[in-house]
**Student:** 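What follows is a structure written as structure tokens; I'll ask about it next.
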Amino acid sequence: MNAFVSVRGLTRIFDVSRPWLNRVLEGRKKAYLTAVSDVDFEIEEKTTYALVGESGSGKSTIGKMLVGLLSSTEGNVEVEGVNLMTEKQADKVSAVRSRIQMIFQDPYASLNPRWRVRDIITEPVAAQGGDTKGLAERLLEQVGLHASDAGKFPHEFSGGQRQRICIARALASEPRLIVCDEPTSALDVSVQAQVLNLMSDLKDEFGLTYLLITHDLTVVQHMADKIGVLYLGRLVEEADPKTLFSTPKHPYTQMLLDAAPRMDGFGREVPPPQGEIPDPIDPPSGCAFHPRCPIATDICRQERPPMRQLSLGRVACHLAED
Ligand code: SF4
């Protein structure tokens, strides 16, 4: 059986060259930034796949390519059996795209401040000529707000409530897949758990499939069915949460886990992963993680490790073993 979402060889390269005249005067060549490189993963229907990585790892770029906000340079994205990159029948592609929604990080920026909540929520349905009678009120109650909130403006709500409005808007067009890009990172810690719980409940209630994008491994531990770890645009490890948290195979995953806040660490400053992400315009040779890797050897500096299937997951590291 085909996966609900299938991503194959997905690559996105940005031209970040200086303007032509500057290049001529300064004797520079064109410059390219590979934000995403040859990424493969699958998402089963009604499950949550989490993409985790530091800022600059390419996770948001993948999310944007999935929802059609960015085109790919190479590779394919197949959703519900339709290849969104190569399908010639535009109506097939737009039918699938209409069932994909995105929730963004910043609930302040993603709501039009001049619109009432009712109009914000129903806008995607109204744009398609659908029936919006009572829709906003119904959805507001489903996301834990009041039907009477439909007449208010976004500034009358807290951050957590605004993210609930964003979720209600995403649900309005009856999506099957929701791409959630750091949905809780702009919220207070106390509100994050509430929003994540709500997302979990709605997933079961509406039969949703999630692609959850985050830099925070602790967010996905209890919510994801599978986790993919990204480093400098490449998938370096993939496993279910139990395996990934108990026996991480890739040194980068181990580093992320070491930096994750622990339950007994209240008030303690959390050390970030050591070292800097390298310049993606001029990435290191071989394994891109080798300048930060505590166990790197000569082969790591020379050859890029291919993704390998292990008994309980996949890993791209020369030295990782089952
Ligand atoms: Fe470290 Fe080498 Fe594995 Fe890369 S391939 S993560 S440098 S051990």
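Order of appearance sets the numbers: ligands from 1, and atoms from 1 within every ligand. For clarity, every value in this text was computed on a predicted model and none was experimentally measured.
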**Student:** Any salt bridge linking E42 with R8? Criterion: basic side-chain nitrogen under 4.0 Å from a carboxylate oxygen.
**Tutor:**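 Salt bridge present between E42 and R8.
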
**Student:** Around atom 2 (Fe) of ligand 1, find the nearest protein heavy atom and jot down its residue, atom name and distance.
**Tutor:**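 It is C300 SG, 2.2 Å.
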
**Student:** Closer than 4.0 Å to some heavy atom of L319 - which atoms of ligand 1 meet that?
**Tutor:**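 Listed by number with element, the hits are 8 (S).
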
**Student:** Any atoms of ligand 1 less than 4.0 Å from a non-hydrogen atom of F289? List them with their elements.
**Tutor:**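 Near F289, meaning under 4.0 Å from one of its heavy atoms, ligand 1 has 6 (S).
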
**Student:** Under a 4.0 Å threshold between the charged nitrogen and the carboxylate oxygen, would D119 count as salt-bridged to R116?
**Tutor:** no

**Student:** Atom 1 (Fe) of ligand 1 to H318: any N/O/S contact under 2.8 Å?
**Tutor:** no

**Student:** Taking only heavy atoms of P251 into account, list the atoms of ligand 1 that are under 4.0 Å away from them.
**Tutor:**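 Those qualifying, in numeric order: 1 (Fe), 6 (S).
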
**Student:** Give the numbers and elements of all ligand 1 atoms closer than 4.0 Å to a heavy atom of H250.
**Tutor:**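 Reading through ligand 1 atom by atom, the close ones are 6 (S).
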
**Student:** Can you say whether the rings of H250 and Y252 are parallel (under 30°), tilted (30 to 60°) or perpendicular (over 60°)?
**Tutor:** perpendicular

**Student:** For atom 3 (Fe) of ligand 1, which protein heavy atom lies nearest, and how many Å away is it?
**Tutor:**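 For atom 3 (Fe) of ligand 1, the nearest protein heavy atom comes out as C317 SG, 2.3 Å.
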
**Student:** Write out the residue and atom name of the closest protein heavy atom to atom 1 (Fe) of ligand 1, then the distance separating them to 0.1 Å.
**Tutor:** C293 SG, 2.3 Å

**Student:** Hey, does the side chain of S98 reach the backbone of A95 with a donor-acceptor pair shorter than 3.5 angstrom?
**Tutor:**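 A pair under 3.5 Å: yes.
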
**Student:** Answer yes when R176 and E45 have at least one side-chain N-carboxylate O distance shorter than 4.0 Å, and no when they do not.
**Tutor:**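 Yes, R176 and E45 are salt-bridged.
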
**Student:** Taking K59 for its side chain and G53 for its backbone only, find out whether a donor-acceptor pair lies under 3.5 Å.
**Tutor:**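 Looks like yes, one N/O pair under 3.5 Å.
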
**Student:** Hey, do the aromatic rings of Y49 and F41 have their centres closer than 6.0 Å?
**Tutor:** yes

**Student:** My understanding is that we take every heavy atom of each candidate and find the minimum distance to atom 4 (Fe) of ligand 1. Doing that for P305, C287, A320, which one comes out nearest?
**Tutor:** C287

**Student:** With atoms numbered from 1 as shown, which atoms in ligand 1 lie under 4.0 angstrom from a non-hydrogen atom of A296?
**Tutor:** 7 (S)

